[in-house]
Amino acid sequence: MRLSRFFLPVLKETPADAQIVSHRLMLRAGMIRQQSAGIYSWLPLGFKVLKKIEQIVREEQNRAGAIELLMPTLQSADLWRESGRYDGYGKEMLRIVDRHERDLLYGPTNEEMITEIFRSYCRSYKDLPKNLYHIQWKFRDEIRPRFGVMRGREFLMKDAYSFDLDEAGARRAYNRMFVAYLNTFERMGLKAVPMRADTGPIGGDLSHEFIILAETGESEVFCDSALVDMGAPGLDVDFDGDLQPLVDARTSLYAATDEMHEAARFESEVPAERRLSARGIEVGHIFYFATKYSEPMKAVVTHPDGKDRPVHMGSYGVGVSRLLGAIIEAHHDEAGCIWPEEVAPFGVGIINLKTGDADTDAACAKAYDALTKAGKDPLLDDTDERPGGKFATMDLIGLPWQLVIGPRGLKEGKVEVKHRASGARHELSLEDAIARLAEGSLPRG
RNA sequence: CGGGGCGUAGCGCAGCCUGGUAGCGCAUCUGCUUUGGGAGCAGAGGGUCGCAAGUUCGAAUCUUGCCGCCCCGACCA
């Protein structure tokens, strides 16, 4: 993409309304525009990142055996009356009346609807297990939206729902999502720590929040630092195999948000040097809720013994739009965003220091074509802004690599490659720079 | 929903207390000079001062109501 043709409305000044760094940077980098409290338009740069995050989530769900579908944003109130949640959900559910005076709602979640779908088609134990998910916009009419996309009213969420014969099967489904989440967040450059969450009336140990650590996190968390250092299981995990050891290795270490924190246990279970007290952002939540919906909504299957029993369900959410904010909170500096390569809106930013200079323009065009062919999706700043402004914009939008090309360097046969995260610069010939960016072989430190 | 605050040009703000021709910086446009980390000079355009009533000869300014947004708290992916 050539910047002169792109739509990148960057702001030099910080908007007054934005309090936290991710919100400020998303506004300044021209990624989002607020349309109403907690409701945002996704401008091209932000939209590209959103789609990349969504795609990683999708790939890892698929790898773990979940099946994608798409349910509507609007739901009939009748479904929610069946589960008993219509009256219980409260004012954060947006209720709508259509022209026939029928009650609708803008879905805050989809347990009822997926249960309705499941029960309509699945009758036998032979249909199990199943895990169905979708990535769809949700609306929760939060009392006080804030922090930009981190706490919006409208948000993009991946929610998966598992259906199993019994609790043992549900646990296997739970473990698959547990592992898939670790891989998902690692691919985005995040260190996500699973923390035991409140299971509410269901009880048991099958509910975890996935928290990423960031100084500006919304809640205080406590964990064993070994958990943070452990890393994800990796993409070659066999999801058909026994995942329990992988899960146990993590759940056996102490990790809790402030609501679940037990100071005494923390101190007795975790050696002093590994006691990590930090702030975190919740980016995923998984839980097993047994027959909470299948029972009232009569989602039953016939077991081998010929008897009908309600299926055991779990649900697994990832805040896709929230992740943009979370990633920025985890990866930024004073100058702007620092995108991990997997989610960066463009792979390389090419800065033409003197647009209109024939040699520089030609060198930039050559780099642009070569990197485009190499699949690096470059963004070429071919505007006639001054160099200082171009550097500042490129740092702000946070592309992982910058290729700086100007007449002064070209005279000596050199261009400069800058690694955004480390600030490391390399002086290379144009050909070397192109080749090494194309193959990703430049040092990242 | 309780408490606090703010709505004046695209963005950031001053003016309001004490009513009298609507301002500043950035951005935008034109010209010239500049050009390796957010340039300089000269000029130009852009605002029914959130909306509506009221007080007044006269309202951005005072009064009332409404709307929107932000912050703190309780609540949440």
Side-chain angles (χ1 to χ4, degrees), chain A residues 9-20 23-24 27-28 30 33-39 53 57 89-93 107-110 135-160 181 185 192 197-198 200 207-212 218-219 257 259 280-287 315-326 334-336 351-357 360 381 383-396 402 404-412 414-416 418 423 425 427:
Chain A
V10 299
L11 306 174
K12 200 187 265 189
E13 290 176 273
T14 301
D17 290 348
Q19 299 300 310
I20 63 166
H23 190 192
R24 283 201 296 268
L27 291 169
R28 286 195 54 214
R33 174 166 181 83
Q34 179 168 328
Q35 302 292 171
S36 184
I39 300 178
I53 292 172
V57 171
Y89 213 91
K91 294 184 103 171
E92 62 174 39
M93 183 156 75
T109 179
N110 287 66
I135 299 173
Q136 177 63 292
W137 292 93
K138 305 276 189 291
F139 192 91
R140 291 183 194 169
D141 200 357
E142 296 284 344
I143 296 166
R144 186 154 87 88
R146 62 184 123 174
F147 305 149
V149 300
M150 298 265 283
R151 185 75 184 283
R153 293 196 292 171
E154 187 183 52
F155 55 97
L156 187 63
M157 182 176 174
K158 185 284 300 182
D159 41 327
Y181 275 28
F185 299 129
D198 190 1
S207 179
H208 286 86
E209 292 178 357
F210 286 74
I211 305 274
I212 68 145
E218 57 199 334
S219 52
T257 57
E259 311 91 69
I281 301 165
E282 182 183 348
V283 290
H285 195 166
I286 62 179
F287 53 98
S315 81
Y316 315 90
V318 170
V320 176
S321 49
R322 164 179 277 199
L323 273 165
L324 268 92
E334 318 71 52
I351 296 180
N352 182 333
L353 285 175
K354 190 160 187 175
T355 305
D357 177 82
T360 310
D381 190 342
T383 64
D384 45 21
E385 212 193 332
R386 304 166 57 79
K390 293 188 177 186
F391 288 127
T393 297
M394 206 55 87
D395 282 348
L396 175 62
Q402 299 174 7
V404 182
I405 301 177
R408 188 185 299 174
L410 284 176
K411 277 205 191 87
E412 289 152 29
K414 299 288 185 195
V415 297
E416 184 179 280
K418 175 177 151 185
R425 297 155 195 267
E427 290 229 313

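Values below: all heavy atoms of this structure, side chains included; hydrogens, waters and symmetry mates excluded.
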**Whole-angstrom distance between B:rC16 and B:rA52, as gauged at atom P** = 24 Å
**Prompt:** Are A:K354 and B:rG36 close enough that a side-chain N or O sits under 4.0 Å from OP1 or OP2?
**Reply:** no
**Message:** Would the distance check show the side chain of A:K390 and the main-chain N or O of A:N352 forming a donor-acceptor pair, the cut-off being under 3.5 Å?
**Reply:** yes
**Message:** Measuring only between side-chain heavy atoms, which start at C-beta, is A:S36 closer than 4.5 Å to A:E154?
**Reply:** no
**Side chains of A:M93 and A:D141 in contact at under 4.5 Å (non-hydrogen atoms)** = no
**Complete:** Against the side chain of A:P387, the closest entry in B:rC70, B:rG37, B:rG36 is B:rG36
**Request:** Say whether A:S315 and A:H285, considering side chains only, have a donor N or O and an acceptor N or O under 3.5 Å apart.
**Result:** no
**Request:** Determine the contact category for A:P407: base if any of its heavy atoms lies under 4.0 Å from a base atom, sugar-phosphate if only primed atoms, P, OP1 or OP2 are that close, otherwise nothing.
**Result:** base
**Prompt:** Which base sits across from B:rC16 as a Watson-Crick or G-U pair, both distances under 3.5 Å?
**Reply:** none
**Asked** Just checking A:D395: base, sugar-phosphate only, or nothing, at a heavy-atom cut-off of under 4.0 Å?
**Response** base
**Item:** Contacts of type ring pair (Phe, Tyr, Trp, His ring centres under 6.0 Å), residue A:F147, not counting sequence neighbours
**Value:** none
**Request:** Indicate, with a heavy-atom threshold strictly under 4.0 Å, whether A:T393 touches base, sugar-phosphate, or nothing.
**Result:** base
**Asked** Expressed in angstrom and rounded to an integer, what is the separation of A:R24 atom CZ from B:rC70 atom P?
**Response** 15 Å
**Complete:** Checking N1-N3 plus N6-O4 or O6-N4 for Watson-Crick, or N1-O2 and O6-N3 for wobble, each under 3.5 Å, the partner of B:rA74 is none
**Prompt:** So, A:R24 side chain and A:Q19 main chain: donor-acceptor pair closer than 3.5 Å or not?
**Reply:** yes
**Asked** A:E427: what forms a side-chain contact (heavy atoms from CB on, under 4.5 Å) with it, not counting sequence neighbours?
**Response** A:K414, A:E416
**Asked** When the P atoms of B:rC62 and B:rC49 are considered, how many whole Å apart are they?
**Response** 15 Å
**Message:** Using the C1' atom as the point on both nucleotides, what is the distance between B:rG4 and B:rC76, in whole Å?
**Reply:** 23 Å
**Message:** Can you check the distance between B:rC11 and B:rC69, where both ends of the measurement are the C1' atom (answer in whole Å)?
**Reply:** 16 Å
**Request:** Working to the nearest 0.5 Å, report the span between CD1 of A:I53 and CG of A:L324.
**Result:** 4.0 Å
**Asked** Which whole number of Å gives the distance between the P atom of B:rG23 and that of B:rU48?
**Response** 14 Å
Report each atom pair, protein N/O against N/O of nucleotides 5-10 of chain B, whose distance is under 3.5 angstrom.
none

**Item:** Rounded distance [0.5 Å steps], OG in A:S321 versus NZ in A:K158
**Value:** 14.0 Å
Protein-nucleotides 75-77 of chain B N/O pairs under 3.5 Å:
residue	atom	partner	partner atom	Å
B:rC75	O2	A:R151	NH2	3.1
B:rC75	N3	A:R151	NH2	2.9
B:rC75	N4	A:R146	NH2	3.1
B:rC76	O2'	A:E142	OE2	3.3
B:rC76	O2	A:R151	NE	3.3
B:rA77	O3'	A:E282	OE1	2.8
B:rA77	O3'	A:E282	OE2	2.2
B:rA77	N6	A:G152	O	2.4

**Asked** NA contact type, A:G409, heavy-atom cut-off 4.0 Å: base, sugar-phosphate, or nothing?
**Response** base
**Rounded interatomic separation in angstrom, taking CG from A:D384 and P from B:rG31** = 12 Å
Report each atom pair, protein N/O against N/O of nucleotides 32-34 of chain B, whose distance is under 3.5 angstrom.
residue	atom	partner	partner atom	Å
B:rU34	O2	A:R386	NH1	2.6

**Complete:** Value for CD (A:E142) from NZ (A:K91), rounded to nearest 0.5 Å, stands at 14.0 Å
**Prompt:** Going by atom types only, do A:D395 and A:Q402 share a side-chain donor-acceptor pair under 3.5 Å?
**Reply:** yes
**Complete:** Any strand, both distances under 3.5 Å, Watson-Crick or G-U wobble: B:rC62 pairs with B:rG54
**Complete:** Scanning all shown strands, the Watson-Crick or wobble mate of B:rC69 with both distances under 3.5 Å is B:rG5
**Request:** Round to the nearest Å and state the distance from A:D381 atom CG to B:rU35 atom C1'.
**Result:** 14 Å
**Prompt:** Just how far, in rounded Å, is C1' of B:rC1 from NZ of A:K91?
**Reply:** 8 Å
**Request:** Using atom CD of A:Q19 as one end and atom C1' of B:rC72 as the other, report the distance to the nearest whole Å.
**Result:** 11 Å
**Message:** Under 3.5 Å for both donor-acceptor distances, Watson-Crick or wobble: does B:rC32 have a partner, and if so which one?
**Reply:** B:rG40
**Complete:** Sorted by position of nearest nucleotide on RNA chain B, 5' first, the leading residue of A:G406 and A:T14 is A:T14
**Complete:** Scanning all shown strands, the Watson-Crick or wobble mate of B:rU21 with both distances under 3.5 Å is none
**Asked** Do A:R28 and A:V10 come close enough that some side-chain heavy atom pair is under 4.5 Å?
**Response** no
**Item:** Contacts of A:Y316 that satisfy ring pair (Phe, Tyr, Trp, His ring centres under 6.0 Å) - sequence neighbours left out
**Value:** none
**Request:** Could you check how far CZ of A:R425 sits from C1' of B:rG37, rounded to whole Å?
**Result:** 8 Å
**Prompt:** Taking the same atom, C1', in B:rU30 and in B:rG45, what whole-Å distance lies between them?
**Reply:** 10 Å
**Request:** Just call it for A:K158: base, sugar-phosphate, or nothing, with non-hydrogen atoms closer than 4.0 Å on any strand.
**Result:** nothing
**Prompt:** Mind checking whether A:P145 and A:R153 have side chains closer than 4.5 Å, heavy atoms only?
**Reply:** yes
**Prompt:** Taking the side chain of A:F391 as heavy atoms from C-beta outward, which of B:rG12, B:rC70, B:rG37 is closest to it?
**Reply:** B:rG37
**Separation between the P atoms of B:rC6 and B:rA42, rounded to whole Å** = 37 Å
**Distance below 4.0 Å between A:Q34 side-chain N/O and B:rC70 OP1 or OP2** = yes
**Complete:** Looking only at B:rG38, B:rG36, B:rC13, the nucleotide nearest the A:A16 side chain is B:rC13
**Asked** In whole angstrom, what separates A:K390's NZ from B:rA39's C1'?
**Response** 15 Å
**Prompt:** Between B:rC11 atom P and A:H23 atom NE2, what is the distance in whole Å?
**Reply:** 14 Å
**Prompt:** Is any side-chain N or O of A:S36 closer than 4.0 Å to OP1 or OP2 of B:rC69?
**Reply:** yes
**Request:** Please work out if A:G389 contacts a base, only the sugar-phosphate, or nothing of the nucleic acid, heavy-atom cut-off 4.0 Å.
**Result:** base
**Any A:K12 side-chain nitrogen or oxygen under 4.0 Å from OP1 or OP2 of B:rA27** = yes
**Item:** Separation of the P atoms in B:rG40 and B:rA59, to the nearest angstrom
**Value:** 41 Å
**Message:** What I'd like to find out is whether the side chain of A:Y181 reaches to under 4.5 Å of the side chain of A:V283, using heavy atoms alone.
**Reply:** no
